[in-house]
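Just below is one structure, and these are the notes that go with it.
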Amino acid sequence: MTRTVYVNGDYLPETEATVSIFDRGFLMGDAVYEVTSVLGGKLLDYAGHEARLARSLSELEMTNPVSAEDLLEVHRQLVIRNGIENGLIYLQISRGNAGDRSFVFPDASVPGTVVLFTQSVPDLETTPASQKGIKVISFDDLRWGRRDIKTVQLLWPSMAKMAAKKAGCEDAFFVKDGMVTEGSSSNAYIVKGNRIITRPLSNDILHGITRATLLKYAAETQYEIEERAFTIEEAQNADEAFVTGASTFITPVVEVDGKAVGTGAPGPVAQRLRELYIAEGKKAAI
Ligand code: PMP
């Protein structure tokens, strides 16, 4: 099926949607993005994604050419026009078409390029990864120092994912100064007894929207939250490990660098948190 996508105010068939070769997103990786999941035709954690988008833009001195109200309507229209029951909405805003290539930002009067498209994922709630868990490798975290800004500069995470694939694994835990920062496209956690341990927020990691919501739910139930960095060895010896992300919710990690975590199967805490996140997320979805 040809998707209907959104480009700078227009809804178009994907085959007719174009962006200039001079677009800053294309030439410089000068763009930010968000991914919002859709369950039962509704948007999960939308307010969080909207707020983080505004922060990413502001940190890069970019303005959003679309109002908050209109952007929500674009999300809704894409869900309707593409008949999305379960899936994802990708949004990208670049600094726009500067008309040439230059390191200097174009004048603020140049409007940003806004692109949104959908990805249908019918089994989003029950993906094989969520049922079986994933294996991860450790990978040197050589990304730039502003990982808190959600930019489209995803080459190193792509290289980490490819290294994981070559090793017969699904993902990587980035490691900086001997401590895990996060997954290649997720936040990382370990579980010890009743305690959920995850790295505190800083410029070292993306401030995950799923992370914020999950920690709120977890604190409201019986879990203790400890925000501190952990090592690969600690992850290998933990009761459980898991990752979170808007497109994967809570996904158990069953192996780290070839060593089974816990029993080597998805653990009860990760499974319970996943159920909780999906159930509460659906109730709050808009
Ligand atoms: N860290 C990184 C590096 C990511 O790419 C992502 C997902 N894009 C996350 C964490 C998870 O963030 P969220 O829960 O907002 O999807």
Side-chain angles (χ1 to χ4, degrees), residues 29 31-39 43-57 59 75 87-93 116-117 119 121 124 127 129-130 134 136-164 170-176 179-190 196 198-218 225 227 229-230 241-253 270 273-274 276-278 280-281 284-285:
V32 299
Y33 76 107
E34 282 296 328
V35 177
T36 303
S37 62
V38 178
L39 281 181
L43 306 165
L44 255 72
D45 265 336
Y46 185 79
H49 290 286
E50 183 184 48
R52 186 174 58 191
L53 173 68
R55 180 179 180 275
S56 294
L57 289 167
E59 289 297 305
H75 280 78
L88 311 169
I89 302 186
Y90 177 86
L91 168 159
Q92 175 171 327
I93 301 179
L116 285 93
F117 59 82
Q119 291 182 308
V121 189
L124 192 61
T127 54
S130 70
I134 58 169
V136 306
I137 57 165
S138 57
F139 204 74
D140 205 4
D141 197 343
L142 298 182
R143 297 173 297 164
W144 80 323
R146 290 302 306 274
R147 301 155 192 159
D148 58 311
I149 307 174
K150 197 163 169 65
T151 78
V152 301
Q153 301 174 87
L154 296 172
L155 186 52
W156 195 246
S158 287
M159 291 179 79
K161 209 78 113 181
M162 288 312 295
E170 285 77 27
D171 210 343
F173 272 180
F174 282 132
V175 177
K176 180 185 170 233
M179 310 302 278
V180 173
T181 49
E182 58 185 334
S184 72
S185 58
S186 58
N187 291 114
Y189 310 73
I190 55 174
I196 297 168
T198 194
R199 194 174 175 106
L201 297 181
S202 72
N203 291 356
D204 286 337
I205 63 169
L206 185 74
H207 301 188
I209 302 307
T210 319
R211 177 189 185 280
T213 302
L214 177 78
L215 293 186
K216 184 167 82 75
Y217 291 155
I225 315 291
E227 292 189 74
F230 56 86
F242 63 89
V243 291
T244 64
S247 57
T248 50
F249 308 138
I250 288 87
T251 300
V253 172
L273 289 174
R274 183 179 173 88
L276 184 68
Y277 179 82
I278 291 176
E280 292 299 319

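Counting starts at 1 for both ligands and their atoms, following the listed order.
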- From Gln92, His75, His49, Lys150, residue fulfilling side chain to side chain donor-acceptor pair (under 3.5 Å) relative to Glu34: His49
Is a side-chain N or O of [X] found less than 3.5 angstrom from the main chain of [Y], in a donor-acceptor match?
X: Thr213; Y: Ile209; result: yes
X: Asp171; Y: Gly183; result: no
X: Thr210; Y: Ala246; result: yes
X: Trp156; Y: Ser184; result: no

For [X], counting its heavy atoms only, list the atoms of ligand 1 lying under 4.0 Å from any of them.
X: Gly245; value: 11 (C), 14 (O), 16 (O)
X: Arg143; value: 3 (C)
X: Gly208; value: 12 (O), 13 (P), 14 (O), 15 (O)
X: Ser184; value: 3 (C)
X: Asn187; value: 10 (C), 11 (C)

- Starting from atom 5 (O) of ligand 1, locate the nearest protein heavy atom and write down its residue, its atom name and how far away it is, to 0.1 Å. Ser185 CA, 3.3 Å
- Message: Quick test: of every protein heavy atom, which one is nearest to atom 1 (N) of ligand 1, and how far off is it to 0.1 Å?
- Response: Glu182 OE1, 2.6 Å
- Item | Minimum non-hydrogen distance to atom 11 (C) of ligand 1, winning option of Thr181, Thr248, Thr210, Thr244 | Thr244
- Can you find an N or O of Ala246 that's nearer than 3.5 Å to an N or O of ligand 1? yes
- Looking only at distance, does Leu206 have an N or O less than 3.5 Å from an N or O of ligand 1? no
- Message: Going by ring-ring contact (aromatic ring centres under 6.0 Å, His included), name the residues that satisfy it together with Tyr90, two or more places apart in sequence or in a different chain.
- Response: Tyr33, Phe117
- Which residues satisfy the ring-ring contact (aromatic ring centres under 6.0 Å, His included) test with Tyr277, sequence neighbours excluded? Phe249
Under-4.0 Å heavy-atom contact with ligand 1, by part of [X] that carries it:
X: Ser186; value: backbone
X: Lys150; value: side chain
X: Tyr33; value: side chain

- Query: Can a non-hydrogen atom of Glu34 be found less than 4.0 Å from any atom of ligand 1?
  - Reply: no
- Message: I'd like to know if Lys216 and Glu280 make a salt bridge, using a cut-off of under 4.0 Å between side-chain N and carboxylate O.
- Response: no
- Side-chain donor-acceptor contact under 3.5 Å, Thr181 with Asp141: yes
